[in-house]
Amino acid sequence: KGFTLSSYRGSFSTVFQDFKLFSMSVKDNVLLRPGKEGDEEVVENALKESGAYERIERMENGLSTVLTREFDDKGENLSVGEQQKLLLARIFADDTPFVILDEPSSALDPIAEYKMFENMMRATEGRSVIFISHRLSSAVLADRVLLMDNGTIAEAGTHRELMARNGKYAEMFNRQAENYLGSEVSTN
């Protein structure tokens, strides 16, 4: 099947570490496209899946609330973690075959991050996901892990395979796990 440039670009959903919210409604920030019938339900479900719904629900104008106060004195400002959750809703609201996530949970605490990963795995089932992260806890859920070092693939395999090799990945994973678990760390 042939692709046009726009259909090719339309095959990807992305959330990058250096993200931007726009001074427009919550709904428009999630969709990033012209609205159509049924979008309210899509956006609500996406916000629930990403963990942002409770915060948006408390806003006076809900999905119509303008984000930031750049152009609206009544606009709402979100914390960095809340912004990341709202941006993740873009992935849940879209059904593209490919998803690219670059450090999408860097502002979340470990418990919120794990919950977000579980939701993300469910929402992206049947889709190809490239997940870029320095936090290796996310790699446990991956079908395949590629450890990059100086622009090359240093190790590749499942989490379990890489832990069994006891190489650089296992060393990094265990070092990060020590921050949460203390000195007793499981390698499986």
Side-chain angles (χ1 to χ4, degrees), residues 6-142 176 179-180:
S6 69
S7 70
Y8 177 73
R9 287 178 177 162
S11 297
F12 293 86
S13 296
T14 59
V15 174
F16 295 109
Q17 183 175 5
D18 297 328
F19 56 82
K20 301 286 182 248
L21 284 182
F22 299 100
S23 188
M24 55 190 187
S25 74
V26 169
K27 179 181 169 185
D28 290 338
N29 264 287
V30 171
L31 293 174
L32 292 181
R33 62 168 169 72
K36 61 184 180 190
E37 191 165 328
D39 278 346
E40 291 237 346
E41 186 178 341
V42 168
V43 172
E44 278 186 21
N45 288 334
L47 290 167
K48 287 175 184 174
E49 291 291 335
S50 72
Y53 186 73
E54 287 181 18
R55 172 67 170 99
I56 304 306
E57 191 177 39
R58 290 193 312 264
M59 294 177 176
E60 185 176 334
N61 295 316
L63 299 181
S64 299
T65 302
V66 172
L67 297 177
T68 81
R69 292 195 179 118
E70 187 174 3
F71 300 115
D72 186 340
D73 291 340
K74 295 181 181 179
E76 291 271 353
N77 290 319
L78 300 174
S79 71
V80 175
E82 291 168 339
Q83 289 178 49
Q84 279 188 312
K85 289 178 183 179
L86 187 127
L87 291 169
L88 281 170
R90 292 175 181 170
I91 301 299
F92 296 109
D94 213 347
D95 63 352
T96 60
F98 302 102
V99 177
I100 300 173
L101 302 165
D102 181 11
E103 300 278 1
S105 60
S106 60
L108 302 178
D109 64 69
I111 293 169
E113 178 185 46
Y114 187 79
K115 192 174 197 176
M116 183 270 305
F117 285 138
E118 285 184 323
N119 291 342
M120 184 188 66
M121 296 299 283
R122 198 172 54 254
T124 58
E125 191 156 336
R127 299 160 79 182
S128 297
V129 179
I130 298 172
F131 190 89
I132 303 160
S133 181
H134 289 89
R135 287 193 200 170
L136 299 182
S137 59
S138 59
V140 174
L141 301 172
Q176 286 183 11
N179 293 329
Y180 298 111

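Defined by atom type and a distance below 3.5 Å, a donor-acceptor pair is present between the side-chain atoms of R127 and T96.
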Worksheet entry | Check against side-chain contact (heavy atoms from CB on, under 4.5 Å), L88 and L101 | CA-CA 9 Å; L88 281 170; L101 302 165; 4.0 Å; yes

Discussion item. Walk me through whether F12 and I100 qualify under side-chain contact (heavy atoms from CB on, under 4.5 Å).
Written reply: CA-CA 7 Å; F12 293 86; I100 300 173; 3.9 Å; yes

Practice prompt. Would you sort out whether T68 and N77 count as a side-chain contact (heavy atoms from CB on, under 4.5 Å), showing the intermediate values?
Written response: CA-CA 5 Å; T68 81; N77 290 319; 4.1 Å; yes

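How far CD of E70 is from CG of L21: 11.5 Å, rounded to the nearest 0.5 Å. Rounding to the nearest 0.5 angstrom, the gap separating the OG1 atom in T14 from the CZ atom in F98 is 14.0 Å. Rounding to the nearest 0.5 angstrom, the gap separating the CZ atom in F22 from the CZ atom in F71 is 11.5 Å. Atom OG1 of residue T124 and atom CD1 of residue I91 lie 9.0 Å apart, to the nearest 0.5 angstrom. For the atom pair R135 CZ and E103 CD, the distance stands at 8.0 Å (nearest 0.5 Å). Annotation: the span from I56 atom CD1 to L63 atom CG amounts to 8.0 Å, rounded to 0.5 Å.
When every heavy atom of M59 is checked against every heavy atom of T65, the shortest pair comes out as CB-OG1, 3.4 Å. Counting all heavy atoms, side chain and backbone alike, G75 lies closest to R69 at O-NE, 3.0 Å. The two atoms that bring G62 and V26 nearest to each other are O-CG2, 4.0 Å, heavy atoms only. Across every non-hydrogen atom of A89 and A46, the tightest pair is O-CB, 3.3 Å.
Using a 4.0 Å cut-off between charged nitrogen and carboxylate oxygen, R33 and D39 count as a salt-bridge pair. A salt bridge links R55 with E76: the closest approach of a Lys/Arg side-chain nitrogen to an acidic carboxylate oxygen falls below 4.0 angstrom.
A distance-only check finds a donor-acceptor pair linking the side chain of Q176 to the backbone of L136 [under 3.5 Å]. The main-chain N or O of D28 is found under 3.5 Å from a side-chain atom of S25 such that the two form a donor-acceptor pair. No donor-acceptor pair closer than 3.5 Å links the side chain of E41 to the backbone N or O of G38. The backbone N or O of M24 lies less than 3.5 Å from a partner atom in the side chain of N29, making a donor-acceptor pair.
Looking at heavy atoms from C-beta onward, L86 lies out of side-chain contact with S50 at the 4.5 angstrom threshold.
The environment of CG in D95 is sparse: at most 12 heavy-atom neighbours from other residues, nucleotides or ligands sit within 6.0 Å.
Exactly one of K48, K27, R90 qualifies for a side-chain contact (heavy atoms from CB on, under 4.5 Å) with V43. That residue is K27.
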